[in-house]
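Worksheet: one structure, shown below.
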Amino acid sequence: MSWLLNLYETYEANQDRVGIVEKKRKDQEFTLLPIAHTTQNAHIEVRVTEEGDFHSAIVLEKGRLETLIPATEDSASRAGSVNSPYPLHDKLSYVAGDYATYGRNPKKLDHHAKYIEALKAWADSPHNHPKVQSIYRYLSRGTLIRDLTAEPRPILHLDNDGKLIEKWEKAHEESKGAKPELFSIVTGPQEDAFIRFTVYSPGVYTDVWRDTEVYDSFIRYYGTTLCEEDLCYVSGERVPTTERHARRIRHAGDNAKLISSNDSSGFTYRGRFLTAGEAASMGYEVSQKAHNALKWLINRQGKVIDQRVFLVWGNKETAQQDLMEDIFGLAPSEANQPERISWTFPEFAKAFGLALGGYKHRLDESQLKDDKVNILVLDSATTGRLAVLYYRSLFKDTYVERLAEWHASCVWRHRYRKDEDGEWVEFYGAPATRDIAFAAYGPRADDKLVKGLTERMLPSIIDGRPVPLDIVKSAMARASNPVGMEGWEWEKTLSIACALINQKERKPVALDTETNDRDYLFGRLLAVADVLETRGMTGEKRSSNAIRYMNEFSRHPARTWLTIQRALQPYQARLGPEGIYWNKIIDEIGSRIPIDKFNNHPLTGVYLLGFYSQRHELYQKKAQESIDAEDTEASQS
């Protein structure tokens, strides 16, 4: 229950965000829902006057469909043909009093009576609102479909028999003209169109579904209808409880629930409980706030990979450093810092960026006090059940320490990211989990592989456990086979594989000239051979023999080295005195490998660390020599 409690506390800490519309990618809107509310995609907007008369109506465009609506326990969980109307906005068969005249489905004839009865109870209650009363006065007249089919620009369309057209066909196009826009929005018949209402006031126009006073009106009214009290397992208080919990957690079409108890005749209670409440009970308000906070956080900062949700958030400061990102993504320049629209600690965010960047900067303890960081992973095996696959709750300072430790231990030099100007950026640290999947499984790894790997990496990032051995071995195998990849792909795979291997080995990224580790020294030999042959090529565009034999070298180093070394002789001769210099380096490295260890025993991943560091050192040295030569020429001239 602790994850529910933390979600509930998050909602309480962000009450100022309730009902405020925010946007994510592709300008899709979302908000922190008020309790007793949900969202639905509306298709038609009906505007009425304050006096309760019909004013106008429009068919909504895609991108403006999502609507925040009041919802009862029954309506929020209704399915199929269950007659459980929403309190205000709903489908045409519920809100239209003249559906019996124009509708075709006899099973829906009793929908409106129950709807208008519930709306009247709200409109007549002490907690009513003038806009709700205006909408009720209009709908009680029962003329909605007639008004929406009226000329000159009808919203709904009737067939020759005076009933609503179910499906637009060619015969209708011949007699009535072009296909109406409503049929492109509603997937089923017109009677399935969802209607939202608003009240038109000259000079003042506020959408009812965005009016916080209307939210509060329904919350107060609906609270008076909740009467059954029990012990809430989350808050520890006796409050009105519920057994019907929210769905649409990951997106608007998601029917999976985290908590459900509808299998009273199956195996849910058999041999254990008589009722669902005996297993666990939760307060209605707590359930609403916790689930609404979860929906908001997923929209705001969750990562969804193949329907699996990875979410990191703080109880007070919701935005947190993403544990699945690399250093470059975690600590961008100040100009790239995203705008924080919830209550945040800007100083903490900056300090954390400096800390991860390697600066000597002490985090302010006051910024870490009394706030938790939560890590939650959700996924569903069926369409109706959503499961918590992973959950951890840490104090913020512990989370920062674990994250910093991950980036300090699984560290290597990377150069596969670009800045805003399109320039390659060099950075040190742990790679992002998606890039680890790239290294282990190749660039064609699908979302199913990525989400599985990401979940398996969480204990390594959060708890400091070793990276799963099969992932390390897979990345090493691909890095040892450069012939099967393009140059950029291999370089990226190589640096990521080195990072994964180094999480265990803890080798310095810079060349370690003091170590006598057999595998590391073999890797250095391979790097020197690669650079030597590359320097000796004259206009040839191909991989060196060291790269071409790299896979075989990792399995049979002594035997393969003899083949590589023989192939180096023409290039050593071509380079002249420089070739002698390279030969001395090879001799110096080779002399440090004991005779009994110069064998064909397969190399571990450590050889990649030696290869990478030695090659980088040689290229850096050559670059520095070029700079020195240019400076000498400039001074002489």
Side-chain donor or acceptor of His37 paired with backbone N/O of Ile35 under 3.5 Å: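 Yes; judged by distance alone, with no hydrogens or angles, the pair exists.
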Aromatic plane relationship, His111 with Tyr94 - under 30° parallel, 30 to 60° tilted, over 60° perpendicular: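 Rings of Tyr94 and His111: parallel, under 30°.
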Geometric class of the Tyr200/His55 ring pair [parallel <30°, tilted 30-60°, perpendicular >60°]: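 Parallel.
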Stepwise side chain to side chain donor-acceptor pair (under 3.5 Å) check, Asp147 with Tyr138: CA-CA 11 Å; Asp147 293 334; Tyr138 167 67; 2.6 Å; yes
Polar side chain donor-acceptor pair, Asn255 to Thr383, under 3.5 angstrom: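 Thr383 and Asn255 do not have a side-chain donor-acceptor pair below 3.5 Å.
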Neighbour count >12 (heavy atoms, 6.0 Å) for atom CD, Glu117: no
Atom CD of Glu229 with >12 non-hydrogen neighbours under 6.0 angstrom: yes
Pairwise side-chain contact, Gln301 with Val312, heavy-atom cut-off 4.5 Å (strictly under):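 Contact flag for Gln301/Val312 side chains = no.
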Full working for side chain to side chain contact (heavy atoms under 4.5 Å, CB included) between Tyr115 and Val95: CA-CA 7 Å; Tyr115 166 83; Val95 300; 3.6 Å; yes
Result of checking Lys108, Arg78, Lys114, Arg196 against Asp90 for salt bridge (charged side-chain N to carboxylate O under 4.0 Å, His left out):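 Testing Asp90 for a salt bridge (charged side-chain N to carboxylate O under 4.0 Å, His left out) against Lys108, Arg78, Lys114, Arg196 leaves exactly one candidate, Arg78.
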Derivation and outcome, ring pair (Phe, Tyr, Trp, His ring centres under 6.0 Å), residues Tyr99 and His112: CA-CA 8 Å; Tyr99 177 79; His112 178 73; 9.6 Å; no
Salt bridge (Lys or Arg N to Asp or Glu O under 4.0 Å) contacts in which one or both residues fall within residues 288-298, not counting sequence neighbours: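 Checked against salt bridge (Lys or Arg N to Asp or Glu O under 4.0 Å) - neighbours excluded - the pairs reaching residues 288-298 are Glu12-Lys289, Glu285-Lys289.
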Shortest non-hydrogen separation from Ile298 to Leu378 and the atoms involved: CD1-CD1, 4.4 Å
